[in-house]
Amino acid sequence: MSNDMEDIRELDYELQDIEDHERRKKQVLARLLDGLQNKGNHHLAIQVNMGEVQSYLTSVSLSWVAEMVGFASDLPSFRRDEEDSAVPKAYSDDLELRQQRTPDWTRQRDIATYLASRRHHKFPALLLVGYQTWVYDDRSEKWGEDRRAMSDSLNIMSLDSTGMCWELDDTNTNFYALDGQHRLMAILGLRELIQSGHLPARDKKGNLKSAGGLSRDEIIRQTNEDKVEAHERLQCLMRERIGVEIIPAIRRGESEQEGRLRLRQMFVDVNEHAKHLTKSELSQLDESNGYRVVARRLLAKHSLLGTPPGTPPLPDGRNKVEIKNIQLNDSSDCYTTLSTIVEIVRAYLKENTSLDARDKYAAWDNLIVKKVSIRPEDSELNEATRDMIEYFNLLADIPSHRAFIQGKPAGEIRRPDPGDDNILFRPLVQEELARAVGILAARGFSPRNVLKTLAAKESEGHLKLTDRKGPWFGVLCDVEEKMRRHKKNKDICCRLLVFLLGGGAEDDIEREQLREDFAKQRIIDLEKGTAINHDGETVKIDQVQLPNPWR
């Protein structure tokens, strides 16, 4: 029995030693972590791996966010400002890498109010990009001879053998909110509210408004707090901590081009999953969809759409393409929209089987897995860009387009009286014309000859939208002369263009179906069964005939 007791006591001593050892290890670790937290600009971070993306999770104060984090619009890869000396001209001229999604500043007041008034407020973690100045320094020793990065653009050091825990030093690093721009906006608004006692109202672009701001006293009234306690609580808010996930702008082994493309596509991905991006925003940013990539390249390469080197800009600095919105007003000075150019590219490349790479282009729509696009090869993108430049070169020879390139306002060409009322400056027609030319090219027609015919008919006045004697009345505008944008009108517009520019229908069945659809669009009184014929006269619906082909 005594031996058993001795064994038990010995075991107790060993267990106590183990517990003491574990306690000492925790004490040492606590001191190390305290020392790390007391080091200015240093953070304990946990590495996260998903796919091929490495990131680092940590927490920071709201004050740190307000002081250290900029908007994605300031991210060097997204910069708009072509005059910024910090961004090499090669990048400022690269239009497909300049557009970005900007926050809506009208939301600042509401989200800042949420932070200031809700005791149980909570923000998801921000996704940040860490940039360092050496990224744009060609002479930096951090670029290898092959122009690939020798390290990440973050000051990061592993703290354990597994690579799980890291020490992040934010010295000489700029951070930008790739996801969470409205949260950043709210934090900035909260700081301004606390420091100055007032947060002014802003419009969508961030311009100050004269009324509608938020005051600190208004927050106190909303929360029914004691004034002194409320001030103390508000002063503590900026010390609250929020999660941040940080990715390097450039990863070790990446080229600068690869880093920019990765950031832009990640920006699209996180925003698309968090909040559906608009068609226009996707057109501006998506780096995987081939049609969108080619469309953006065209803006920088063709004088009809942009101002490539040697091309004079439009008067008063007018843009030739509407980037943000997907529709144009009649009076807009822009020729078309970026979203329309994407559809022009898609329609022309997919329909034109005479193109050498047509099969590759047709496969672009299949390069999608669960709504995630796969970027086509650069050789395909380059070839598609050349094909589209040839198409827009042909368009540029049309008299109305030459006039626009030379400075005539697009609104003057597009709108009815006192304008030219030209349908070719309508996005719907631009898209369907590309489709029609592609279809005719597949049938053996020369795109050059097709568009020469179109140019001749423009000169004869056959492209006016609201001309009751023209082929487009009813098809593209109703009897009240309002533009029609329905899918059925797009379809008949394309079919009518193919008919007119291709010398008629391929067979009697196709012709009669087109005639019936054409007549339906020109009905003025369904009960009486009357419509407007091609001569502008009121006749029975079945008496409406197609216009004569143009070839």
Would you indicate whether Lys457, at its atom NZ, is surrounded by more than 12 heavy atoms from other residues, nucleotides or ligands within a distance under 6.0 Å? yes

Main-chain N/O of Asp517 paired to Arg495 side chain as donor or acceptor, under 3.5 Å: no

Run Arg297 and Val293 through side chain to side chain contact (heavy atoms under 4.5 Å, CB included) and show every step you take. CA-CA 6 Å; Arg297 288 183 176 184; Val293 173; 3.8 Å; yes

When you measure from the side chain of Arg262 to the backbone of Ala249, do you find a donor-acceptor pair of N or O atoms at a distance under 3.5 Å? yes

Mind checking whether Tyr131 and Tyr176 have parallel, tilted or perpendicular rings, split at 30° and 60°? perpendicular

Taking side-chain contact (heavy atoms from CB on, under 4.5 Å) as the criterion, tell me which of Leu440, Val450, Val437, Leu514 meets it with Val498. Leu440

For the residue pair Leu338 and Arg292, establish whether any side-chain heavy-atom pair is separated by less than 4.5 Å. no

For the residue pair Leu465 and Val429, establish whether any side-chain heavy-atom pair is separated by less than 4.5 Å. no

Is the number of heavy atoms from other residues, nucleotides or ligands under 6.0 Å of Ile509 CD1 greater than 12? no

Heavy-atom pair with the smallest gap, counting every atom of Ile111 and Ala186: CG2-CB, 3.3 Å

Using atom types as modelled and distance alone, determine if a side-chain donor or acceptor of Asn352 lies under 3.5 Å from a backbone N or O of Ser354. yes

Could you tell me whether the side chain of Glu412 and the main chain of Pro409 form a donor-acceptor pair under 3.5 Å? no

Would you say Asp507's side chain and Glu510's backbone share a donor-acceptor pair under 3.5 angstrom? yes

Closest non-hydrogen contact found for Pro547 with Phe518 is CD-CZ, 4.0 Å

Quick check on Arg402: does its CZ atom have over 12 non-hydrogen neighbours (other residues, nucleotides or ligands) under 6.0 Å away? yes

Closest approach of Ala455 and Pro399, non-hydrogen atoms and distance? CB-CD, 3.8 Å

Please confirm whether the backbone N or O of Ala201 pairs with a side-chain atom of Trp105, one donor and one acceptor, at under 3.5 Å? no

For a side chain to side chain contact (heavy atoms under 4.5 Å, CB included) check, start with the C-alpha distance between Val342 and Thr337, then their side-chain angles and the critical distance, and finish with the verdict. CA-CA 9 Å; Val342 173; Thr337 70; over 6 Å; no

In Arg414, Arg426, Arg415, the residue satisfying salt bridge (Lys or Arg N to Asp or Glu O under 4.0 Å) with Asp330 is Arg426

Does the side chain of Tyr391 come within less than 4.5 Å of Leu433's, by heavy atoms? yes

Check ion pair Arg202-Asp104 (N to O, under 4.0 angstrom): no

ring-ring contact (aromatic ring centres under 6.0 Å, His included) assessment of His401 paired with Phe392: CA-CA 10 Å; His401 291 60; Phe392 278 102; 8.9 Å; no

Is there a donor-acceptor pair under 3.5 Å between the side chain of Arg515 and the backbone N or O of Leu546? no

For a quick test of reading the model, state the closest non-hydrogen atom pair linking Lys464 to Gly461 and the distance between them. CG-O, 3.9 Å

Over 12 foreign heavy atoms within 6.0 Å of CD, Glu377: no

Taking the side chain from Arg522 and the backbone from Phe473, do they hold a donor-acceptor pair closer than 3.5 Å? yes

Between Met388 and Val294, which heavy-atom pair has the shortest distance, and what is it? CG-CG1, 4.0 Å

Counting C-beta onward and ignoring hydrogens, is there a side-chain heavy-atom pair between Asp397 and Asn393 closer than 4.5 Å? no

With the side chain counted from C-beta on, respond yes when Arg551 and Asn449 share a heavy-atom pair under 4.5 Å apart, and no when they do not. yes

With side chain to side chain contact (heavy atoms under 4.5 Å, CB included) as the test, would you mind laying out the steps for Phe404 and Ser400 before giving the verdict? CA-CA 6 Å; Phe404 171 71; Ser400 60; over 6 Å; no

Using a 3.5 Å distance criterion without hydrogens, assess whether the side chain of Gln430 forms a donor-acceptor pair with backbone atoms of Leu424. yes

What is the minimum heavy-atom distance between Pro200 and Glu192, and which atoms define it? CD-OE2, 3.3 Å

Find out whether Val65 and Arg183 are in side-chain contact, i.e. whether some heavy atom of one side chain is under 4.5 Å from a heavy atom of the other. no

Is any side-chain heavy atom of Leu463 closer than 4.5 Å to a side-chain heavy atom of Leu454? yes

So does Arg435 pair up with Glu431, basic N to acidic O under 4.0 Å? yes

Counting only N and O atoms by type, is there a donor-acceptor contact under 3.5 Å from the side chain of Asp535 to the main-chain atoms of Glu537? no

Validation row: Ile247, Leu263 side chains within 4.5 angstrom (heavy atoms): yes

Please report the C-alpha distance between Val544 and Gln521 in whole Å, then the side-chain angles of each, then the deciding distance to 0.1 Å, and finally whether the side chain to side chain contact (heavy atoms under 4.5 Å, CB included) criterion is met. CA-CA 10 Å; Val544 176; Gln521 298 306 309; over 6 Å; no

The single option from Asp333, Thr336, Leu328 passing side-chain contact (heavy atoms from CB on, under 4.5 Å) against Glu322: Leu328

